[in-house]
Amino acid sequence: GAGVSQTPSNKVTEKGKYVELRCDPISGHTALYWYRQSLGQGPEFLIYFQGTGAADDSGLPNDRFFAVRPEGSVSTLKIQRTERGDSAVYLCASSLYGTDTQYFGPGTRLTVL
Amino acid sequence: SQQGEEDPQALSIQEGENATMNCSYKTSINNLQWYRQNSGRGLVHLILIRSNEREKHSGRLRVTLDTSKKSSSLLITASRAADTASYFCATDAPSGKLIFGQGTELSVKP
C-alpha cells in the first residue's frame with residue numbers, strides 16, 4: 001500500500017516568509033509525528049498527534065512553529081517568519097497506534113535564504 | 001536533545017565483511033528501533049526490538065539489546081555496496097516519540 005508522503009519535496013524561501021509543509025500518513029494510522037533533521041545529525045522530535053489532537057508538542061522550538069491535523073489524517077506543519085536556522089529536512093512519520101513502528105516519509109528539504 | 005549515541009560515527013569496510021554498529025542510551029525504554037537513511041532523506045525502518053527481548057534477526061541483520069547496560073548493537077553480515085547508508089538507533093519516550101542518536105555512516109566498498 002501507499003507509504004507516508006510529504007509535499008513539497010523541496011522548498012526554498014526567503015527569511016521572514018511563511019511556509020506550510022504537508023504530510024499524508026499511511027491510511028488508518030492514528031499517530032503522526034513531525035521531526036526535523038539538520039545536516040549530520042539524527043532527527044529531532046517536534047510534535048506528535050494522536051488523532052486530531054497534539055499529544056506532545058514539547059519539541060516545537062518556539063511559537064513560530066505550529067502544526068495541525070484537523071481531520072485526524074493529513075497534517076500541516078506551519079512556520080511563520082522563517083529564519084535561516086530553520087533550514088533542515090522536515091520528516092513526517094506515522095504509526096498505527098503510537099507505540100509501535102514508525103514509518104517515515106521522504107521528507108521536505110527546507111532552505112531559508 | 002538526543003539520547004542515543006552511536007559508535008562508531010563512521011565505518012568503512014569491504015564488501016563481504018560484517019559491519020557492527022553500537023548504540024547507547026540513557027533512560028528506560030519500551031523498545032528500540034534501528035533505521036537506515038540514504039542521502040539524508042527518508043528513513044527506512046529495519047528492525048524493532050522490545051525491552052524484554054535480547055536478540056532479534058531479520059535477514060542479514062542481527063540486533064542485540066542489553067537493558068542493564070543500556071546498549072544495543074546492529075550487525076550486518078556479508079555486507080554489500082548497497083548497504084552504504086547512515087544507520088540510526090532510536091529509543092521511544094513514554095509519549096511514543098522517538099529519540100535518535102547521531103548515526104553511524106557506513107561505507108561498503110566493492
Side-chain angles (χ1 to χ4, degrees), chain A residues 3-10 23-26 29-51 53-61 67 87-111, chain B residues 1-10 21 23-53 56 58 61 63 72 74 85-106:
Chain A
V4 178
S5 63
Q6 292 186 246
T7 54
S9 56
N10 287 283
C23 172
D24 274 276
I26 293 172
H29 279 195
T30 63
L32 185 146
Y33 302 81
W34 283 99
Y35 296 84
R36 177 169 73 172
Q37 185 176 23
S38 300
L39 194 62
Q41 303 291 316
E44 291 192 309
F45 168 79
L46 294 175
I47 187 169
Y48 156 47
F49 287 91
Q50 183 60 252
D56 183 350
D57 64 357
S58 61
L60 294 177
S87 296
V89 175
Y90 288 81
L91 295 163
C92 176
S94 71
S95 70
L96 192 55
Y97 300 120
T99 58
D100 52 337
T101 299
Q102 293 184 25
Y103 297 93
F104 282 78
T108 293
R109 185 179 300 278
L110 175 66
T111 303
Chain B
S1 63
Q2 294 184 310
Q3 157 157 251
E5 289 188 9
E6 278 97 341
D7 170 54
Q9 291 188 350
M21 289 159 268
C23 167
S24 60
Y25 57 93
K26 297 174 186 171
T27 61
S28 298
I29 61 171
N30 293 319
N31 59 58
L32 183 145
Q33 304 184 47
W34 283 91
Y35 286 85
R36 163 193 164 134
Q37 185 176 44
N38 289 83
S39 304
R41 296 309 289 261
L43 288 96
V44 174
H45 183 261
L46 296 177
I47 200 163
L48 180 153
I49 186 165
R50 301 198 184 279
S51 59
N52 61 353
E53 297 176 309
K56 205 161 181 180
S58 176
L61 305 180
V63 168
S72 174
L74 170 67
S86 294
Y87 291 82
F88 294 90
C89 71
T91 54
D92 65 327
S95 71
K97 69 186 182 188
L98 294 179
I99 303 174
F100 287 83
Q102 291 193 324
T104 292
E105 198 171 321
L106 174 65

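No hydrogens, no waters, no symmetry mates; every other heavy atom, side chains included, goes into these values. The chains referred to below are lettered A, B, ... by the order of the sequence lines, with proteins before strands, and numbering in each begins at 1. These numbers were taken from a predicted model, which means no experiment stands behind them.
Counting heavy-atom pairs closer than 4.5 Å to chain B, the top residue among A:S9, A:G59, A:S95, A:G40 is A:S9. The residue among A:V4, A:T108, A:D56 with the most heavy atom pairs within less than 4.5 Å of chain B is A:D56.
Heavy atoms closer than 4.5 Å to chain A are found nowhere in B:N30, neither backbone nor side chain. In this structure, chain A has heavy atoms under 4.5 Å from both the backbone and the side chain of B:L98. For chain B, the nearby part of A:S58 is the side chain; its heavy atoms alone come within less than 4.5 Å.
Listed here is the closest heavy atom pair of B:L48 and A:D100: CD1-C, 4.3 Å. Residues A:Q37 and B:Q37 share a closest heavy-atom pair of OE1-NE2, 2.8 Å. The two residues A:P43 and B:L43 have their closest heavy-atom pair at CG-CD1, 4.0 Å.
B:F100 CZ to A:Y35 OH: the interatomic distance, rounded to the nearest 0.5 Å, is 5.5 Å. Between A:L46 atom CG and B:K97 atom NZ the span is 10.5 Å, to the nearest 0.5 Å. Atom NE2 of B:H45 and atom OH of A:Y103 lie 6.5 Å apart (nearest 0.5 Å).
Summarising the local packing, CD of B:E53 is surrounded by more than 12 heavy atoms from other residues, nucleotides or ligands at distances under 6.0 Å. Counting heavy-atom neighbours within 6.0 Å of A:Q50 CD, excluding the residue itself, gives a total above 12.
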